[in-house]
Engineer: 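Here it is, the structure in full.
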Amino acid sequence: MPLTIATWNINSVRLRQDLVAKLISEHAPDVVCLQETKCPNDAFPTKIFEKLGYGQIAINGQKGYHGVAVLSRRPLQEVVARPFCDMGDSRHIAVDVQGSTGRSVRIHNFYVPAGGDEPDPAINPKFDHKLRFLDEMIAWFGADTPTVAPADGAIILGDLNIAPLEEDVWSHKKLLKVVSHTPVETDGLERVRKALDWVDVVRRDIPPPEKLYTWWSYRSKDWDAADKGRRLDHVWLTPGLSDACDKVEVLREARGWDRPSDHVPIIVRLDI
DNA sequence: ATGGTGGGCGCCCCA
């Protein structure tokens, strides 16, 4: 039995718990990693997920903003919820999940800061925070490799809020000075990737020049026709684990669901 | 043309 893992910025887990249930009923991923849950831990809607068989739940939430969670129907151990940038933000949780063969993978579920509007750290503290967050990811993954990525393999996934490639945005030229696609961000994200030679399995299987997006703004009148999207959500695997990944899906149709998130889920299948 | 929409929370923050 393969292990399937979904990641989705849900933009309020309480408001969209039925959409998570729809994802579960239609795709039955073993593990669902959520970002922007916007929900304190004691208010997390665990019951609906327990009823669906996803009784293994790890959450790092806060009131009003941010928040990450992992739902699983396979054995799960919470490893750490690491604070970044001394901000008290809930933007990371790491868990170990066991595949049916007994091999366990470590999943780092991230919600990287969006960074505000002005791409200048000197005048925009949110952009400065985003760049410092990337620096901390690089330092952590470089210095603490056995914890971050055990021998059996590890995954970074979630809303990284950066579209790294030219084909990850609707217009490379128009977005070069727009937060999410500026060179300082795409260079920073590439440095994170190189820290452990992570494999971007989504782009391995759906390579450029095909355009690929996971987010479309709510402000666009007709998101599908205009298609002014960005690929802000990612799934990276350590090299040894990437060989076991035999399928990736970006569920574009979820952007058209009733009262949707502005992000869509990505699902990967691991033959472990 | 510098808006537009959507969420949480509470009279405004963030994406």
Side-chain angles (χ1 to χ4, degrees), chain A residues 7-23 33-46 48 59-69 83-92 109-121 123-134 157-164 168-171 173-182 185-186 189 213-234 252-266:
Chain A
T7 176
W8 196 6
N9 178 320
I10 193 62
N11 187 18
S12 174
V13 68
R14 281 177 289 184
L15 191 71
R16 282 184 245 287
Q17 51 192 285
D18 291 344
L19 291 192
V20 178
K22 181 177 167 73
L23 172 74
C33 298
L34 301 172
Q35 304 88 37
E36 272 207 278
T37 51
K38 291 184 174 175
C39 180
N41 289 352
D42 59 12
F44 196 91
T46 52
I48 181 174
I59 48 181
N60 178 18
Q62 68 181 85
K63 186 178 178 182
Y65 306 100
H66 324 312
V68 291
F84 280 78
C85 302
D86 291 321
M87 302 276 289
D89 287 357
S90 295
R91 296 183 178 276
H92 168 264
N109 180 11
F110 274 103
Y111 177 50
V112 171
D117 289 329
E118 188 59 51
D120 180 351
I123 60 170
N124 175 9
K126 291 182 200 168
F127 196 70
D128 181 64
H129 176 210
K130 185 177 198 174
L131 299 183
R132 286 189 293 109
F133 196 100
L134 295 176
L157 54 72
D159 179 4
L160 304 186
N161 261 319
I162 296 172
D168 293 338
V169 291
W170 64 276
S171 169
K173 237 179 149 176
K174 287 197 169 90
L175 287 170
L176 268 171
K177 292 180 179 173
V178 173
V179 170
S180 72
H181 193 60
T182 65
E185 292 169 87
T186 56
L189 191 67
Y213 314 134
T214 64
W215 173 88
W216 293 260
S217 171
Y218 284 124
R219 295 173 190 174
S220 180
K221 265 203 170 126
D222 189 343
W223 72 274
D224 197 19
D227 202 20
K228 292 186 174 180
R230 306 178 200 171
R231 188 171 73 105
L232 303 179
D233 302 272
H234 301 275
R252 180 183 170 109
E253 67 269 22
R255 185 64 178 76
W257 290 353
D258 191 39
R259 293 199 80 189
S261 169
D262 45 354
H263 295 252
V264 297
I266 302 170

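Lettering follows sequence order; numbering is per chain, from 1.
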Engineer: In whole Å, what is the span from the CZ atom of A:Arg16 to the C1' atom of B:dT5?
Structural biologist: 11 Å
Engineer: Find the distance A:Ile10:CD1 to B:dG7:C1' and express it as a whole number of Å.
Structural biologist: 12 Å
Engineer: Return whichever of A:Lys63 or A:Glu36 has its heavy-atom-nearest nucleotide of DNA chain B closer to the 5' end.
Structural biologist: A:Lys63
Engineer: Think A:Lys126 has a side-chain N or O under 4.0 angstrom from the OP1 or OP2 of B:dA15?
Structural biologist: yes
Engineer: Without decimals, in angstroms, what is the distance between A:Tyr65 OH and B:dC12 P?
Structural biologist: 12 Å
Engineer: How many whole angstroms separate atom CG of A:Asn124 from atom P of B:dC14?
Structural biologist: 10 Å
Engineer: Could you check whether A:Lys221 gets within reach of a base, just the sugar-phosphate, or nothing at all, counting any heavy atom under 4.0 Å?
Structural biologist: nothing
Engineer: Say we look at B:dC11 and B:dA1: how far apart would their P atoms be, to the nearest angstrom?
Structural biologist: 36 Å
Engineer: Round to a whole Å and report the spacing from NE2 of A:His263 to C1' of B:dA15.
Structural biologist: 8 Å
Engineer: Taking atom C1' of B:dC14 as reference, at what distance in whole Å does atom CG of A:Asn161 sit?
Structural biologist: 12 Å
Engineer: Between B:dG7, B:dA15, B:dG8, which nucleotide gets closest to the side-chain atoms of A:Arg91?
Structural biologist: B:dA15
Engineer: Quick check on DNA chain B: between A:Gly115 and A:Ser220, whose nearest nucleotide comes earlier from the 5' end?
Structural biologist: A:Ser220
Engineer: Whole-Å distance between B:dA15 P and A:Asp159 CG?
Structural biologist: 11 Å
Engineer: Could you tell me whether A:Asp227 and A:Arg252 make a salt bridge, using a distance below 4.0 angstrom between a side-chain N and a carboxylate O?
Structural biologist: yes
Engineer: Between B:dT2 and B:dC12, how far is it from one P atom to the other, in whole Å?
Structural biologist: 24 Å
Engineer: Could you verify whether a donor N or O on one side chain and an acceptor N or O on the other, from A:Ser261 and A:Asn11, lie under 3.5 Å apart?
Structural biologist: no
Engineer: Verify, without hydrogens or angle tests, whether A:Gln62 (side chain) and A:Ser90 (backbone) share a donor-acceptor contact under 3.5 angstrom.
Structural biologist: yes
Engineer: Stepwise, does the side-chain hydrogen bond (donor to acceptor under 3.5 Å, both in side chains) test hold for A:Ser180 with A:Glu185?
Structural biologist: CA-CA 7 Å; A:Ser180 72; A:Glu185 292 169 87; 5.6 Å; no
Engineer: Could you check whether the rings of A:Phe110 and A:His92 sit parallel, tilted or perpendicular, using 30° and 60° as the cut-offs?
Structural biologist: tilted
Engineer: For B:dA15 versus B:dC9, give the span between their P atoms, rounded off to a whole number of Å.
Structural biologist: 15 Å
Engineer: With respect to the phosphate group of B:dA1, does any side-chain polar atom (N or O) of A:Arg219 fall under 4.0 Å of OP1 or OP2?
Structural biologist: no
Engineer: Rounded to whole angstroms, how far apart are CH2 on A:Trp216 and C1' on B:dG4?
Structural biologist: 19 Å
